[in-house]
Amino acid sequence: MAKVVIIGAGGVGTVVALKCAMNHDVFSEIVLASRTRSKCDAVAAKVGQPWFTTDTVDADDVEQVVALFERHKPDLVINVALPYQDLTIMDACLRAGVNYLDTANYEPKDEAHFEYSWQWAYGFDPGVSGVFTAYAAKHWFSAMETLDIVDCNAGNHGKAFATNFNPEINIREITQNGRYYQDGKWITTGPLEIHKDLTYPNIGPRDSYLMYHEELESLVQNFPTIRRARFWMTFGQEYLTHLRVIQDIGMARIDPIEYQGMQIVPLQFLKAVLPNPQELGANYHGETSIGCRIAGKGKNGEQLTYYIYNNCSHEEAYKETGMQAVSYTTGVPAMIGAMMFLTGKWNKPGVHNVEEFDPDPFMAQLPLQGLPWHEVVNADLEL
């Protein structure tokens, strides 16, 4: 039994907090903190237990974050705030002697630039794709050669344009250059330049776009037999049309401009007028599908293809947590990662990523916590 502080009360933070509360045998005390305490109090009211409390903190201020940790003395901090705040919270954890876990890598606020280098000396996030890859390596492959991580959202929220998590982060991520790993080198592409139809279980074919995603960096280091590693995400044409217009008219800019004597950042203004991702769940229908498609040599040296995936229903995620499936599929693995640490299954000194630990106890928890997974062996990977 252990005490955790969760920083961030958005869609993912809400899922993490509620799922931790559902596993009270591991998370004996929970503190949910954010800049806006009323959002934390709304989650606490859903839980309705004295061991679930709230606090307020400005996660941009190291001193405030250190003070938060000194007040509550947690065994683990789960950071589901903005990626801009990762290093601030990590610095506070180092000063307070607290263990740290997050779900997204740091990026500077003034530049749409994602990479692991800033955090490599600190720690990593419990992404399910890393655990899937480790599970494949342990149980199926003697040498993985190609890895394609596929992320499909086939849901419909009924809005003309909305993002499934923080609009500012989402649009910055999608509009940056693509990047993938090939034969020891990183190859850069234009934003969403490469795409193809991929077929997703229970969903069907969807146009899938090659993007950069940070877990590729550590996976190719920890599994050096991989010759090619890529990440694909689906987007509908209506979404891409809106995105192109947003870029063309300058609303995706992240540099400040002067407006009526004030400095504003266009993308931050756009965020304020777009639908709140936390409020999409009630009308969201359909499924997400997240998985790894891997090819290489099997345990006996035979050629092998392997596809491991999870499908998640937006409707079921909303019934359980009040949030849509994109928040759910991010929050549940974060909670399980925290569970692995606090129960001693993933706990050793130093900086380690999820694929460096035994995947089996994590994989055993996924279906118990709402994310059942499936395997397809020696099928066409389409890649």
His213/Asp151 under side-chain hydrogen bond (donor to acceptor under 3.5 Å, both in side chains): CA gap, chis, key distance, verdict: CA-CA 11 Å; His213 224 248; Asp151 186 342; 5.8 Å; no
My understanding is that only one of Leu371, Val326, Val332 makes a side-chain contact (heavy atoms from CB on, under 4.5 Å) with Cys312; could you say which? Leu371
Cation-pi check for Tyr284 against Lys159: NZ or CZ below 6.0 Å from the six-membered ring centre and within 45 degrees of the axis, yes or no? no
Which pairs with one or both residues in residues 45-65 pass ring pair (Phe, Tyr, Trp, His ring centres under 6.0 Å), sequence neighbours excluded? His24-Trp51
One should read off an interatomic distance between Arg230 CZ and Leu216 CG, to the nearest 0.5 angstrom, of 10.5 Å
Spell out, yes or no, whether Ile249 and Phe161 are grouped together once hydrophobic residues are joined by side-chain heavy atoms under 4.5 Å, including indirect joins. yes
For Thr199, does its backbone N or O pair with a side-chain atom of Glu382 as donor and acceptor, under 3.5 Å? yes
If the condition is ring pair (Phe, Tyr, Trp, His ring centres under 6.0 Å), which residues does Phe235 pass it with, not counting sequence neighbours? Tyr209, Tyr239
I'd like to know if Glu217 and Arg179 make a salt bridge, using a cut-off of under 4.0 Å between side-chain N and carboxylate O. yes
Any side-chain donor-acceptor pair under 3.5 Å between Asn222 and Asn353? no
Please check if Ile264 and Ile171 belong to a single hydrophobic cluster, counting links between Ile, Leu, Val, Met, Phe, Trp and Tyr side chain heavy atoms closer than 4.5 Å. no
Mind checking the CG-SG spacing from Asp86 to Cys93? Nearest 0.5 Å is all I need. 10.5 Å
Donor-acceptor contact below 3.5 Å, side chain Asn300 vs main chain Glu302: no
Using only heavy-atom distances, determine whether the side chains of His195 and Asp207 contain a donor-acceptor pair under 3.5 Å. yes
Could you report the tightest heavy-atom contact between Pro266 and Ile257, atom names first, then the distance? CG-CD1, 4.0 Å
Between Thr175 and Gln247, do the side chains contain a donor N or O and an acceptor N or O under 3.5 Å apart? no
Minimal non-hydrogen separation, Ala136 against Tyr306, with atom names: CB-CE2, 3.5 Å
Residues at least two apart in sequence or cross-chain that pass salt bridge (Lys or Arg N to Asp or Glu O under 4.0 Å) with Glu375, listed by chain then number, are none
Between Pro361 and Trp346, which heavy-atom pair has the shortest distance, and what is it? CG-NE1, 4.4 Å
If I compare all heavy atoms of Ile226 with all of Leu219, which pair ends up nearest, and what's the gap? CD1-O, 4.2 Å
The complete set of side-chain hydrogen bond (donor to acceptor under 3.5 Å, both in side chains) pairs with one or both residues in residues 3-20, sequence neighbours excluded, reads Lys19-Glu320, Lys19-Tyr328
Apply side-chain hydrogen bond (donor to acceptor under 3.5 Å, both in side chains) to Glu315 and His285, showing your working. CA-CA 6 Å; Glu315 293 95 331; His285 306 289; 3.2 Å; yes
Under 3.5 Å: donor-acceptor pair, side chain of Ser34, backbone of Thr36: yes
Side chains of Asn177 and Glu193: is there a donor and an acceptor less than 3.5 Å apart? no
If we ignore hydrogens and angles and just use 3.5 Å, is the side chain of Glu279 paired with the main-chain N or O of Asn276 as donor and acceptor? no
Between Tyr135 and Trp373, ring centroids under 6.0 Å: yes
Regarding Asn311 and His374, is there a side-chain donor-to-acceptor distance under 3.5 Å anywhere? no
Judged by modelled atom types alone, do Tyr100 and Asn79 share a side-chain donor-acceptor pair under 3.5 Å? yes
Is there a donor-acceptor pair under 3.5 Å between the side chain of Asp61 and the backbone N or O of Gln64? yes
Hydrogens and angles aside, do Asn153 and His314 bring a side-chain donor and acceptor to less than 3.5 Å of each other? yes
Would you check if the side chain of Thr305 reaches a backbone N or O of Asn378 as a donor-acceptor pair within less than 3.5 Å? yes
Can you tell which of Lys138, Lys345, Met340 makes a side-chain contact (heavy atoms from CB on, under 4.5 Å) with Asp358? Lys138
Please report the shortest heavy-atom distance between Thr330 and Pro333, naming the atom on each side. O-CD, 3.5 Å
What I want to find out is whether Lys297 reaches Glu145 closely enough, with some N-O distance under 4.0 Å, to be called a salt bridge. yes
Out of curiosity, Met339 CE to Leu76 CG, how far, rounded to the nearest 0.5 Å? 12.0 Å
Cluster partners of Leu383, using ILVMFWY side-chain heavy atoms under 4.5 angstrom, listed by chain and number? Val150, Tyr180, Ile187, Ile194, Leu198, Tyr200, Ile203, Leu210, Trp232, Tyr307, Tyr309, Val376, Leu381
Cluster membership besides Val62, Ile/Leu/Val/Met/Phe/Trp/Tyr side chains within less than 4.5 angstrom, sorted by chain and number, is Val66
For the residue pair Asp55 and His72, confirm or rule out a side-chain donor-acceptor distance under 3.5 Å. yes
Which distance, rounded to the nearest 0.5 Å, do you find between the CD of Glu355 and the OG1 of Thr133? 7.5 Å
Could you pull out the closest heavy-atom pair between Glu287 and Ser313, with the gap in Å? CG-CA, 4.2 Å
For Ser129 and Glu215, does a side-chain donor sit closer than 3.5 Å to a side-chain acceptor? yes
